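Every heavy atom of this structure was used, including side-chain atoms; hydrogens, water molecules and symmetry mates were not. Owing to the predicted nature of the structure, the values given are computational and were not obtained by experimental measurement. Numbers here are sequence positions counted from 1.
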Amino acid sequence: MLRNKLIRDLEGYRAHHPNEAATADRFLEFVRRHQRCFHRDCLPGHVTASAWLIDPGGSRVLLTHHRKLNRWLQPGGHCDGDPDTLRTALREAAEESGLEVETCSDAPLDIDIHAIPARKEGPARPAEPAHFHYDVRYALRATSDHFTVGEESHALAWVGFANLTDYTREPSILRMLAKWQLVRAT
């Protein structure tokens, strides 16, 4: 079963973060219920993966000014059928930044479930109903700090941890910062 590794990772995450049990349980229920959870055609949602992407010096995180959502977020995207969420996070971070990236840990740093609004049909895209992204987030490190802005972003920025709220007050990003700071302290 292709979902087994993610289920084990989510169960481990739940055990390590008991204060997030409700989110982990909802995520687990979704993955167990939907065999095609890694595919975009799985509605009411699908599994995605993203990166808490740290610069080589370990003092900044890369944020992307997301073109579709018009918000500063972490790099990430759709699994497109790949059940390996870490591989998806690595691929998406590299594609969206042009950076070479490496894994800090095989275990998820964070998980999040967030709503994606419906999108009307456009000249080059079909309409898309509102749905949820079940996002698995990993701590990754860039091997250089020279990024390239891709087509999915208005801009990219290395943001110092102390300045993160100048770019975003997104609770899940601030939660990742707190978790990263705990990881670094141990």
Side-chain angles (χ1 to χ4, degrees), residues 5-6 8-10 12-21 23-24 27 47-80 82 84-116 133-186:
K5 181 181 181 319
L6 179 56
R8 283 191 309 274
D9 286 349
L10 291 168
Y13 183 89
R14 186 188 192 286
H16 193 68
H17 300 281
N19 59 324
E20 296 180 50
T23 301
F27 205 133
V47 175
T48 58
S50 60
W52 177 256
L53 184 56
I54 302 302
D55 74 327
S59 63
R60 300 174 297 171
V61 64
L62 188 73
L63 293 182
T64 175
H65 189 203
H66 197 277
R67 189 172 296 279
K68 290 179 188 172
L69 299 175
N70 198 31
R71 296 183 357 220
W72 286 98
L73 302 169
Q74 74 280 2
H78 293 91
C79 291
D80 291 326
D82 187 350
D84 188 330
T85 52
L86 176 56
R87 183 171 48 222
T88 297
L90 287 161
R91 180 190 75 233
E92 290 292 330
E95 284 178 3
E96 291 183 22
S97 68
L99 293 164
E100 289 187 32
V101 296
E102 57 192 23
T103 304
C104 295
S105 171
D106 292 343
L109 175 68
D110 188 61
I111 61 171
D112 191 66
I113 303 169
H114 50 273
I116 302 297
H133 280 179
Y134 292 79
D135 198 36
V136 186
R137 286 113 177 249
Y138 294 91
L140 306 179
R141 183 178 308 276
T143 60
S144 77
D145 58 3
H146 303 289
F147 57 74
T148 305
V149 178
E151 63 185 39
E152 295 184 23
S153 301
H154 290 299
L156 296 174
W158 285 116
V159 180
F161 300 142
N163 303 97
L164 194 57
T165 57
D166 293 342
Y167 285 79
T168 182
R169 295 188 186 271
E170 175 67 39
S172 72
I173 293 177
L174 300 179
R175 187 177 64 233
M176 283 189 287
L177 172 61
K179 288 177 181 175
W180 178 249
Q181 290 174 326
L182 282 175
V183 168
R184 287 182 50 204
T186 57

Rounded to the nearest 0.5 Å, what's the gap from [atom1] on [X] to [atom2] on [Y]? Could you check?
| X | Y | atom1 | atom2 | value |
| --- | --- | --- | --- | --- |
| L63 | W72 | CG | CH2 | 7.0 Å |
| W52 | S172 | CH2 | OG | 9.5 Å |
| N163 | Y167 | CG | OH | 7.5 Å |
| D145 | L99 | CG | CG | 8.0 Å |
| T88 | D82 | OG1 | CG | 4.0 Å |

Side-chain contact, heavy-atom cut-off 4.5 Å: [X] with [Y]?
| X | Y | value |
| --- | --- | --- |
| C79 | T85 | yes |
| L86 | L140 | yes |
| L177 | F161 | yes |
| S59 | D55 | yes |
| H78 | E92 | no |
| E102 | T143 | yes |
| E96 | L156 | no |
| T23 | I113 | yes |

Using the test ring pair (Phe, Tyr, Trp, His ring centres under 6.0 Å), find all partners of [X] that sit at least two apart in sequence or belong to another chain.
| X | result |
| --- | --- |
| H66 | none |
| F27 | Y134 |
| H154 | H65 |

Which pair of heavy atoms, one from [X] and one from [Y], lies closest together, and at what distance?
| X | Y | answer |
| --- | --- | --- |
| A93 | L53 | CB-CD2, 4.2 Å |
| L174 | R169 | CD1-O, 3.9 Å |
| A142 | P56 | O-CG, 3.4 Å |
| A89 | A49 | N-CB, 3.7 Å |

- With sequence neighbours left out, write down each residue that passes salt bridge (charged side-chain N to carboxylate O under 4.0 Å, His left out) with D84, or none if nothing qualifies.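 Checked D84 against salt bridge (charged side-chain N to carboxylate O under 4.0 Å, His left out); matches are R87.
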- Message: Taking salt bridge (charged side-chain N to carboxylate O under 4.0 Å, His left out) as the definition, give me every residue that meets it alongside D135, ordered by chain and number, with sequence neighbours left out.
- Response: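 Once residues adjacent in sequence are excluded, the partners of D135 under the salt bridge (charged side-chain N to carboxylate O under 4.0 Å, His left out) criterion are R137.
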- Task: Could you walk me through whether H114 and D112 pass the side-chain hydrogen bond (donor to acceptor under 3.5 Å, both in side chains) test, one step at a time?
- Result: CA-CA 6 Å; H114 50 273; D112 191 66; 2.8 Å; yes
- In this structure, which one of H17, K179, Q74 forms a side chain to side chain donor-acceptor pair (under 3.5 Å) with D110?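 One option only clears the test, and that one is K179.
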- Item | Main-chain N/O of E170 paired with T168 side-chain donor or acceptor, under 3.5 Å | yes
- Item | CA sep, side-chain torsions, deciding dist, call: Y138, S50, side-chain hydrogen bond (donor to acceptor under 3.5 Å, both in side chains) | CA-CA 6 Å; Y138 294 91; S50 60; over 6 Å; no
- Message: Checking R141 now: which residues fulfil side-chain hydrogen bond (donor to acceptor under 3.5 Å, both in side chains) with it, not counting sequence neighbours?
- Response: none
- Answer yes when R14 and E20 have at least one side-chain N-carboxylate O distance shorter than 4.0 Å, and no when they do not.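 A salt bridge is absent here (no side-chain N lies under 4.0 Å from a carboxylate O).
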- Task: Decide side-chain contact (heavy atoms from CB on, under 4.5 Å) for I173 and L164; before the verdict, give the C-alpha distance in whole Å, the side-chain angles of both, and the deciding distance to 0.1 Å.
- Result: CA-CA 9 Å; I173 293 177; L164 194 57; 3.8 Å; yes
- Assess whether atom CD of E100 is packed by more than 12 heavy atoms of other residues, nucleotides or ligands within 6.0 Å. no
